[in-house]
Every structure is written in C-alpha cells, then in structure tokens.
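Note that these values count all heavy atoms, side chains included, but never hydrogens, waters or copies made by symmetry.
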Amino acid sequence: MIRISIALFLFLPLISLSQHSVPDAPRSSNRDSSYVYTLPYEKGTCHFLVQGYQTFLSHKGEYALDFKMKRGTRVCAARRGVVVEVKEDSHAGGLGHKYLNKGNHVIIRHEDGTYGHYWHLMPGGALVSVGDSVQQHELIGLSGNTGFSAFPHLHFEVTTKLTPSHNQIPTYFQTRKGIRYLRTFRCYKCV
C-alpha cells in the first residue's frame, strides 16, 4: 500500500500535466463569481494544490480542489454558514471505490443555498456539530486520510445541492496575489 501511494504521488504530476482545463477561467455555466472564498486553512499557512478543477486523475469532469496536508492540519471554513452534515467515525481510507462512503467530512450550507464540502478529515476530526453556525476562517476540523484517498489531504468543493455528484461550481479565492481561480501545482498562502 505504501508503494502504491508513493508511486501515485510521484506519477500524479505527469497525469495532471495532461489536463485540458482553463486555469484562470473554468468553463462552466454555473460559475460562482458572486462570492470570494478564503482558503480552507489557517491564515499565514501555505498548502500545495495537488489536484485542481477537472484534472485527469479523480477530478475529471469535476470542480473540486485537493490541498496536500499532514494529518491533523487545522481546516477552517472558507465561508460562513450553518453545518448541515458531519461524519467523523471512519478509520478507513485508501484507493478503491469501497472507500467512497468512508470519508469523514463537514458540509456547511451558505447563505445563498450553496454548500461547502470539506472531506478526508481524520477520525474524530470534525470540530463542529450539525446546526452550528460558523464564521469564515473559523476552525471546523482536522485533515486526514479517510475515504477514497491515496495520501493525507483536504478535498474542498462547493456545490449547488447537498449531494456532491457533479453539481460542483468553480469558485474564486482570495490569495496573496489577488482574487483568482486556483491552479494545480502551486502553493497558496491563506491571507
């Protein structure tokens, strides 16, 4: 399993270089240009974007982001809202479809009816409960490697419906270089 994870991590850049997504302006009729999100981790910290919108590996056809993080890294709300779903009881993670429903996560409903999804949290890693109101930048969880995951990271996406099956929307983020869509293989510092 360790060999597979290392090989995948080393091979991932080669796979993602073949992506055909437009890095600065994703092609989607469902873009959320009305709100600027903060990066989903603590201010002053920097994390590498391993996989971005519509990358070949597991985000093909999806608007989702994977930030490389060590287990236990503090995950923060990228936008304020109300917690509508929490799972933190799984200890399982790895490659394969049998792990799809094993991912610990927090889902937050935003004021405009969209949902922020924070996946692959560690066991017991949700620091909020259903019904909690959270503010932007508020600590909500601890990253991990549960669910369909080859290595510890945070999977983040915004959707128009609670269930995340292909209703994701690309979102703008505030970065130290301004407001923009994020690009794969770059490190982004939360400001």
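- Minimum heavy-atom separation, Q168 to Y63: CB-O, 3.3 Å.
- Between V134 and A77 the shortest heavy-atom distance is CG2-CB, 4.3 Å.
- In the displayed structure, K87 atom NZ is contacted under 6.0 Å by more than 12 heavy atoms of other residues, nucleotides or ligands.
- Looking at heavy atoms from C-beta onward, L142 lies out of side-chain contact with V75 at the 4.5 angstrom threshold.
- Note: H155 NE2 to L121 CG = 11.5 Å, rounded to the nearest 0.5 Å.
- Counting heavy atoms from C-beta outward, D132 and V82 have side chains that stay 4.5 Å or more apart.
- Closest of all the heavy-atom pairs between H120 and F148 is CE1-O, 3.2 Å.
- For T175 and Y181, the side-chain atoms include no donor-acceptor pair closer than 3.5 Å.
- Rounding to the nearest 0.5 Å gives a distance of 12.5 Å between NZ of K43 and NZ of K189.
- For the residue pair T159/H117, the side-chain donor-acceptor check at 3.5 Å is satisfied.
- Using modelled atom types, no side-chain atom of D66 and backbone atom of Q51 make a donor-acceptor pair closer than 3.5 Å.
- Checked by atom type and distance alone, the side chain of Y53 pairs as donor or acceptor with a backbone atom of T171 at under 3.5 Å.
- Between Y41 and H47, the distance from one ring center to the other falls under 6.0 angstrom.
- Contact of the N145 side chain with the R71 side chain is registered, since non-hydrogen atoms from C-beta on lie closer than 4.5 Å.
- Of all non-hydrogen atoms in M69 and S143, the two that sit nearest each other are CB-OG, 3.6 Å.
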Steps toward side chain to side chain contact (heavy atoms under 4.5 Å, CB included) verdict (V83, I107): CA-CA 6 Å; V83 178; I107 302 175; over 6 Å; no

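- When side chains are defined from C-beta on, F173 does not count as touching V36, because their heavy atoms never get closer than 4.5 Å.
- Cysteine sulfur proximity is satisfied for C46 and C187, their SG distance being under 2.5 angstrom.
- Smallest separation of non-hydrogen atoms from I108 and R79: CG2-O, 4.4 Å.
- If you take CG on L39 and CG on L154, they are separated by 10.5 Å, rounding to the nearest 0.5 Å.
- Two residues are said to be in side-chain contact when any heavy atoms from C-beta on lie closer than 4.5 Å; Y188 and F48 fail this criterion.
- T146 places no side-chain N or O within 3.5 Å of a backbone atom of G93 that could act as its donor or acceptor partner.
- Side-chain atoms of E111 and R80, non-hydrogen and from C-beta on, do get closer than 4.5 Å to each other.
- No donor-acceptor pair under 3.5 Å is formed between the side chain of Y115 and the backbone N or O of V84.
- For the residue pair H137/Q135, the side-chain donor-acceptor check at 3.5 Å is not satisfied.
- Nearest heavy-atom pair, A78 versus F156, reported as atom, atom and distance to 0.1 Å: CB-CZ, 3.8 Å.
- Side-chain contact between F151 and V50 is present, with at least one heavy-atom pair separated by less than 4.5 Å.
- Under the 3.5 Å distance criterion, the side-chain polar atoms of N104 are matched with a main-chain donor or acceptor of D89.
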